[in-house]
Amino acid sequence: MTDLPGRENDPNENPFAMFGNPEQIAAAMRQFADMLSAPPSSGPVNWDMAKNIARHVVVAEGDPSVMEGERRQIVDALNLADLWLNEATALPSGVSNPQAWSRSEWIEKTVPVWQKLCDPIAARMVETMSGTLGAAGLPAEAQAMAGPLMGMMKQMGGMMVGQQIGQAIGSLAREVVGSTDIGLPLSDNAALLPGGIAAFSEGLDTPAEEIRLYLALREAAHHRLFQHVPWLRTHLLGAVEEYARGITVDASALEEQLRGLDINNPEQLQQALSGGNLLKPEETERQKAALSRLETMLALVEGWVGTVVDGAAEGKLPSSAALSETVRRRRATGGPAEQTFATLVGLELRPRRLREAAALWQALEADRGVDGRDAVWGHPDLMPTADDLDNPEGFVRGEPELDLSFLDAPRQDPSSEHDESGEDGEDGDGRSGGGKGDGA
């Protein structure tokens with residue numbers, strides 16, 4: 001009788017039709033099974049469960065293992081790129097063990113850093129969520145006696161947040177090409193993803209070898225910074241943590257999201273924890289300073305990498321200029337970094353000052369040479385500020401007659417308009433290839 005018109009959705013003929021797409025049901029049940037089977041976590045997020053969910057996300061669209069031929073191509077590209085960079089930067093090699101990863105391997109290798117970034121805000125979400133879930137189901141007189149239930153609600157909250165984090169990391173893994181796409185040091189090893197390179201290459205009329213080598217140059221350049229600028233990793237991750245500590249969870253919005261929520265429906269849980277309406281940054285001066293510091297440093301990292309890679313590729317990769325613009329547009333339109341940070345820690349990375357940062361590094365190189373340009377990374381106090389991005393020539397020239405003795409004394413008022421110029425003057429006086437002080 002199923003061939004009669006209108007009978008294809010009759011529950012008497014298909015008793016499972018009312019539940020929707022069977023594949024979607026299977027995916028939802030698998031995610032919920034991960035939540036229920038995950039062992040208790042010592043932190044705010046169950047990261048074992050988050051990793052499992054992230055793997056399911058990438059496997060759902062295919063995540064083949066890296067073949068030996070692909071691995072050789074990537075290792076050779078990273079080694080060659082690292083050799084080319086020797087001519088474009090004074091920083092030594094940061095590539096000691098080049099690797100090729102599948103998307104699942106990217107998840108496994110980068111989770112320790114995600115844990116460091118996500119745990120502060122996740123802890124706030126779990127505490128608020130467990131209190132909201134518990135209070136929603138108990139009368140006031142019973143809440144004081146609900147210690148065991150609160151513990152269970154806290155564990156459930158941790159699993160729910162872990163589910164959302166796993167979804168976000170899995171989605172990001174489908175888009176990245178290496179370990180440094182978002183400008184943060186997610187791994188100590190330089191690595192590229194064949195699947196990510198293939199996705200990046202779609203629609204580009206450029207030989208695959210050139211694309212792979214250009215992306216290898218960017219990966220290797222990032223690792224020179226992260227491996228040989230000892231304060232940079234702590235500075236970047238610390239700024240993210242500082243910002244995350246200023247995030248609060250909108251309890252009223254969370255309660256509204258959770259009201260009437262069926263905890264047996266993983267898709268509803270994912271939508272409820274989408275993050276955008278729940279994470280509210282406090283407009284404190286401390287948090288604004290952390291955000292400004294992070295945005296400026298990410299722009300300086302990206303601008304330096306672009307400048308160095310362009311120099312290394314000049315005369316060797318015919319398509320380097322076009323690929324550089326492709327990467328710049330990819331970063332400027334938001335890309336995976338913004339979306340993931342907005343989901344995980346309520347932070348949108350806005351790479352709006354990449355051109356200004358690149359112009360500053362180019363001006364430094366023209367005035368001081370490669371050694372003088374790279375010497376600025378020697379200490380965080382020598383680095384350009386957000387104001388310097390507006391006036392790169394002023395940063396390069398510095399102050400011609402400035403007393404540098406204050407650098408040996410306690411720091412003065414950081415708002416002084418001459419601090420950054422004075423620090424730049426020290427770079428010129430005390431570092432190889434520096435500015436006016438050594439007559440360079």
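The first residue of the sequence shown is numbered 1, and numbering continues consecutively from there.
At a threshold of 4.5 Å between non-hydrogen side-chain atoms, the residues Lys109 and Asn189 do not count as touching. In this structure the side chain of Phe395 never reaches within 4.5 angstrom of the side chain of Asp387, judged on heavy atoms. Residues Ile74 and Pro194 form a side-chain contact, since some pair of their non-hydrogen atoms from C-beta on lies under 4.5 Å apart.
Partner of Val301 under the side-chain contact (heavy atoms from CB on, under 4.5 Å) criterion, chosen from Leu225, Val229, Leu354, Leu184: Leu225.
Note on residues 53-63: pairs passing salt bridge (Lys or Arg N to Asp or Glu O under 4.0 Å), not counting sequence neighbours, are Arg55-Glu108, Glu61-Arg174. Residues in residues 182-205 take part in these salt bridge (Lys or Arg N to Asp or Glu O under 4.0 Å) pairs, two or more places apart or across chains: Asp188-Arg233. Among residue pairs with one or both ends in residues 304-319, those qualifying as salt bridge (Lys or Arg N to Asp or Glu O under 4.0 Å) are Glu87-Lys316; sequence neighbours excluded.
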side-chain contact (heavy atoms from CB on, under 4.5 Å) between Asp82 and Leu78, worked out:
CA-CA 6 Å; Asp82 203 40; Leu78 285 168; over 6 Å; no

Under the criterion side-chain contact (heavy atoms from CB on, under 4.5 Å), I'd like the reasoning laid out for Trp106 against Ile169: C-alpha separation, chi angles, the key distance, then a yes or no.
CA-CA 10 Å; Trp106 181 91; Ile169 294 177; 3.9 Å; yes

For side-chain hydrogen bond (donor to acceptor under 3.5 Å, both in side chains), just list the numbers for His223 and Ser179, CA-CA rounded to whole Å, side-chain angles, deciding distance to a tenth of an Å, and then say yes or no.
CA-CA 9 Å; His223 278 273; Ser179 72; 3.0 Å; yes

Go through the steps to decide whether Asp181 and Leu186 satisfy the test side-chain contact (heavy atoms from CB on, under 4.5 Å), and finish with yes or no.
CA-CA 9 Å; Asp181 289 51; Leu186 297 179; over 6 Å; no

Criterion side-chain contact (heavy atoms from CB on, under 4.5 Å) on Met297 and Leu232, from CA distance to verdict:
CA-CA 9 Å; Met297 191 56 64; Leu232 181 58; 3.9 Å; yes

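Side-chain atoms of His222 never come within 3.5 Å of backbone atoms of Gly183 as a donor-acceptor pair (strictly under, hydrogens ignored). Not one N or O on the side chain of Asn79 forms a donor-acceptor pair closer than 3.5 Å with the backbone of Asp76. Counting only distance, with no hydrogens or angles, the side chain of Glu219 and the backbone of Ala191 share a donor-acceptor pair below 3.5 Å. Of the possible donor and acceptor atoms, none in the side chain of Arg373 sits under 3.5 Å from a partner among the backbone N and O of Ala90. With hydrogens and angles disregarded, a donor-acceptor distance shorter than 3.5 Å links the side chain of Arg103 to the backbone of Gly195. Asp388 contributes a side-chain N or O that, together with a main-chain N or O of Thr385, makes up a donor-acceptor pair within less than 3.5 Å. When atom types are taken as modelled, the side chain of Ser324 and the backbone of Ser320 share no donor-acceptor pair closer than 3.5 angstrom.
For Ser65, there are no side chain to side chain contact (heavy atoms under 4.5 Å, CB included) partners two or more places apart in sequence or in a different chain. Annotation: side chain to side chain donor-acceptor pair (under 3.5 Å) contacts of Arg218 (sequence neighbours excluded): Glu302. Residues passing the side chain to side chain contact (heavy atoms under 4.5 Å, CB included) test with Ala386, sequence neighbours excluded: Ser292, Thr296, Arg353. Contacts of Glu393 classified as side chain to side chain contact (heavy atoms under 4.5 Å, CB included), with partners at least two apart in sequence or in another chain: Ala363, Asn391, Arg397. The side chain to side chain donor-acceptor pair (under 3.5 Å) test applied to Thr110 returns Trp114, not counting sequence neighbours. Residues meeting the side chain to side chain contact (heavy atoms under 4.5 Å, CB included) test with Ala50, sequence neighbours left out: Trp47. Evaluation of the ring pair (Phe, Tyr, Trp, His ring centres under 6.0 Å) rule for His235 yields Trp231 as partners, not counting sequence neighbours. Residues passing the side chain to side chain donor-acceptor pair (under 3.5 Å) test with Glu68 are Arg71, sequence neighbours excluded.
Here the CG atom belonging to Leu389 is positioned 11.0 Å from the CD atom belonging to Glu295, to the nearest 0.5 angstrom. One finds the CG atom of Leu192 at 12.0 Å from the CD atom of Glu70 (value rounded to the nearest 0.5 Å). Residue Leu83 holds its CG atom at 10.5 Å from CG of Leu217, rounded to the nearest 0.5 Å. Distance check, rounded to the nearest 0.5 Å: CD of Glu356 to CG of Leu300 gives 11.0 Å. Taking OG1 of Thr307 as the reference point, atom CD of Glu365 lies at 7.5 Å (rounded to 0.5 Å). To the nearest 0.5 Å, atom CZ of residue Arg224 and atom OG1 of residue Thr89 are 6.5 Å apart.
In plain terms, the two heavy atoms of Val66 and Ser102 that are nearest each other are CG2-N, 3.4 Å. Between Gly166 and Ile53 the shortest heavy-atom distance is C-CG2, 3.9 Å. Nearest heavy atom pair, residue Ala173 against residue Val58, reads CB-CG1, 3.7 Å. Listed here is the closest heavy atom pair of Ala375 and Leu382: O-CD1, 4.1 Å. The shortest non-hydrogen separation linking Ala220 to Leu85 is CB-CD1, 3.6 Å. The two residues Ile165 and Cys118 have their closest heavy-atom pair at CD1-CB, 4.1 Å.
A parallel orientation is assigned to the rings of Trp377 and Trp361, their planes being inclined by less than 30° (bins at 30° and 60°).
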Donor-acceptor pairs under 3.5 angstrom involving side-chain atoms of residues 207-214: please list them, not counting sequence neighbours.
{"unit_1": "Glu210", "atom_1": "OE1", "unit_2": "Ser319", "atom_2": "N", "d": "3.2"}
{"unit_1": "Glu210", "atom_1": "OE1", "unit_2": "Ser319", "atom_2": "OG", "d": "2.3"}

